[in-house]
Amino acid sequence: MDIFTIFRGELTYPDGFASMVKRAPQQRAEYHGMQALLEEISQSGLEQLKDQTVPPTENLDVENLASAAEKFQNIQAEFSGRSQLLALHALVIAASRRRNTPQIAQDLFQKCWQDHSRFLLEALDMRWKLSALQTFRDLGTTEAQRRCAGELIIFFNMMKLYETERLYSGASAETAFDPKNRTGKKLPLKLTPYSLGHGDLDRNLLGMLWLSAEEDPVLAPLACHLLTEINRDKRNIFRRLRLMRRVLKRRRK
């Protein structure tokens, strides 16, 4: 009997959802001096910070950074030679992950995306864009910002889980499965299988997210950009489903 058979009858999470809630990440104590540091850095204005360059900075090899100054030093080390506005944006995100986030952090985050969204979208990599999305969920000033950001965070996390599992299939991310190789007819929880030939679940899902993304003018540039990147990408489930549909249609002709 193999190990997969041995564990087949168990709950995926034996202690149920109560244990998951207990283990969910909790915001740690705030960084000491965060408000004063944010006030000091932003005093010259965001436009001027955008034109300033982060000087070469040494990274602190410390496991638990306690002060805002220490955290900012490590952020500057990451953004060395790049715009100070990117470092400030990252510091604001770091502040939002801790308890008692100062009001100035929310104000600066909103101002960054109100006035400099194009610059941020061009300069930030995907990791920081998704971190910004999570910060809209945490520091959003409108219900639309918080709701849409929350929806997109769940969406991208589920994509990450699915695409990670698929790495073990032996097929590359660009390779669609052959439609004729479908095995079995049942999905978990008695869900109705997606119709490869006639289904529109993928379009409906992405369409609903797009409509939600357009609701708030401050979040829209980031949210719509991320959804557009999914449309451009050739290595995700949506592109593979499109390829599978093409194969199926050709075979039916």
Side-chain angles (χ1 to χ4, degrees), residues 25-146 148-150 152-153 213 215-226:
Q26 299 295 320
Q27 288 185 323
R28 294 176 290 171
E30 66 270 23
Y31 291 109
H32 300 310
M34 179 60 77
Q35 177 160 335
L37 181 60
L38 289 174
E39 290 174 352
E40 178 185 347
I41 296 171
S42 62
Q43 193 171 26
S44 60
L46 299 190
E47 189 66 40
Q48 187 170 336
L49 285 174
K50 187 174 73 171
D51 297 330
Q52 293 176 2
T53 301
V54 178
T57 307
E58 182 179 348
N59 189 70
L60 291 174
D61 188 14
V62 179
E63 185 174 350
N64 294 312
L65 301 174
S67 74
E70 291 174 337
K71 181 63 178 177
F72 191 52
Q73 180 170 335
N74 279 5
I75 288 172
Q76 286 189 304
E78 179 174 350
F79 289 97
S80 179
R82 303 179 67 191
S83 169
Q84 278 282 15
L85 182 61
L86 300 178
L88 173 64
H89 178 259
L91 183 63
V92 167
I93 289 176
S96 75
R97 302 294 185 267
R98 298 294 183 106
R99 291 197 303 269
N100 301 325
T101 303
Q103 180 63 43
I104 189 175
Q106 183 183 57
D107 296 341
L108 288 172
F109 180 76
Q110 291 288 326
K111 192 164 182 59
C112 280
W113 285 99
Q114 285 171 3
D115 300 340
H116 303 286
S117 61
R118 177 174 295 185
F119 171 76
L120 293 171
L121 290 175
E122 291 174 352
L124 295 174
D125 61 19
M126 183 58 71
R127 178 174 71 92
W128 280 108
K129 289 173 184 175
L130 291 176
S131 292
L133 188 65
Q134 183 175 334
T135 307
F136 268 110
R137 184 196 66 183
D138 298 335
L139 298 185
T141 56
T142 68
E143 188 274 336
Q145 284 183 8
R146 296 186 294 271
C148 177
L152 286 172
I153 285 294
E215 286 185 31
D216 185 88
V218 180
L219 173 62
L222 173 61
C224 292
H225 165 83
L226 291 171

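Note that the numbering runs from 1 along the sequence shown for the chain. This one's a predicted model, so the numbers in the text were calculated from it and none came from an experiment. These numbers come from the heavy atoms of this one structure, side chains and all, not from hydrogens, waters or symmetry mates.
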Using modelled atom types only, decide if a donor and an acceptor are shared between the side chain of [X] and the backbone of [Y] within a distance under 3.5 Å.
X      : Y      : value
Gln110 : Gln106 : no
Asp125 : Trp128 : yes
Thr135 : Ile93  : no
Gln145 : Thr141 : yes
Arg146 : Gly140 : yes

Of all heavy-atom pairs between [X] and [Y], which one has the smallest distance, and what is that distance?
X      : Y      : result
Leu37  : Ala69  : CD2-N, 3.9 Å
Leu124 : Lys129 : O-CE, 3.0 Å
Arg99  : Glu30  : O-CB, 3.0 Å
Arg137 : Ala149 : N-CB, 3.5 Å
Pro102 : Gln35  : CB-OE1, 3.7 Å

Does any non-hydrogen side-chain atom of [Y] lie less than 4.5 Å from one of [X]?
X      : Y      : value
Leu120 : Cys112 : yes
Cys148 : Glu215 : no
Leu121 : Trp113 : yes
Thr57  : Phe79  : no
Ser96  : Val92  : no
Ile104 : Ser42  : yes
Glu47  : His116 : yes

Mind checking the [atom1]-[atom2] spacing from [X] to [Y]? Nearest 0.5 Å is all I need.
X      : Y      : atom1 : atom2 : value
Leu226 : Ile153 : CG    : CD1   : 8.5 Å
Leu139 : Gln134 : CG    : CD    : 10.0 Å
Leu91  : Gln73  : CG    : CD    : 12.5 Å
Cys224 : Leu219 : SG    : CG    : 8.0 Å
Phe109 : His89  : CZ    : NE2   : 5.0 Å
Leu88  : Leu49  : CG    : CG    : 6.0 Å

Residues passing the side chain to side chain donor-acceptor pair (under 3.5 Å) test with Arg118, sequence neighbours excluded, are none
Which residues pass the side chain to side chain donor-acceptor pair (under 3.5 Å) test with Gln84, not counting sequence neighbours?
none
Can you tell whether the side chains of Arg127 and Glu78 come within less than 4.0 Å, N to carboxylate O?
yes
N-O pairing of Asp138 and Arg97 below 4.0 Å
yes
Just checking [X]: does its [atom1] atom have more than 12 heavy atoms from other residues, nucleotides or ligands closer to it than 6.0 angstrom?
X     : atom1 : result
Gln52 : CD    : yes
Gln43 : CD    : no
Glu58 : CD    : no

Chi angles and distances behind the ring pair (Phe, Tyr, Trp, His ring centres under 6.0 Å) call for Phe72, Tyr31:
CA-CA 10 Å; Phe72 191 52; Tyr31 291 109; over 10 Å; no
Between Gln103 and Asp107, does a side-chain hydrogen bond (donor to acceptor under 3.5 Å, both in side chains) hold up when you go through it step by step?
CA-CA 6 Å; Gln103 180 63 43; Asp107 296 341; 2.9 Å; yes
Test side chain to side chain contact (heavy atoms under 4.5 Å, CB included) applied to Leu108 and Leu46, step by step:
CA-CA 9 Å; Leu108 288 172; Leu46 299 190; 4.2 Å; yes
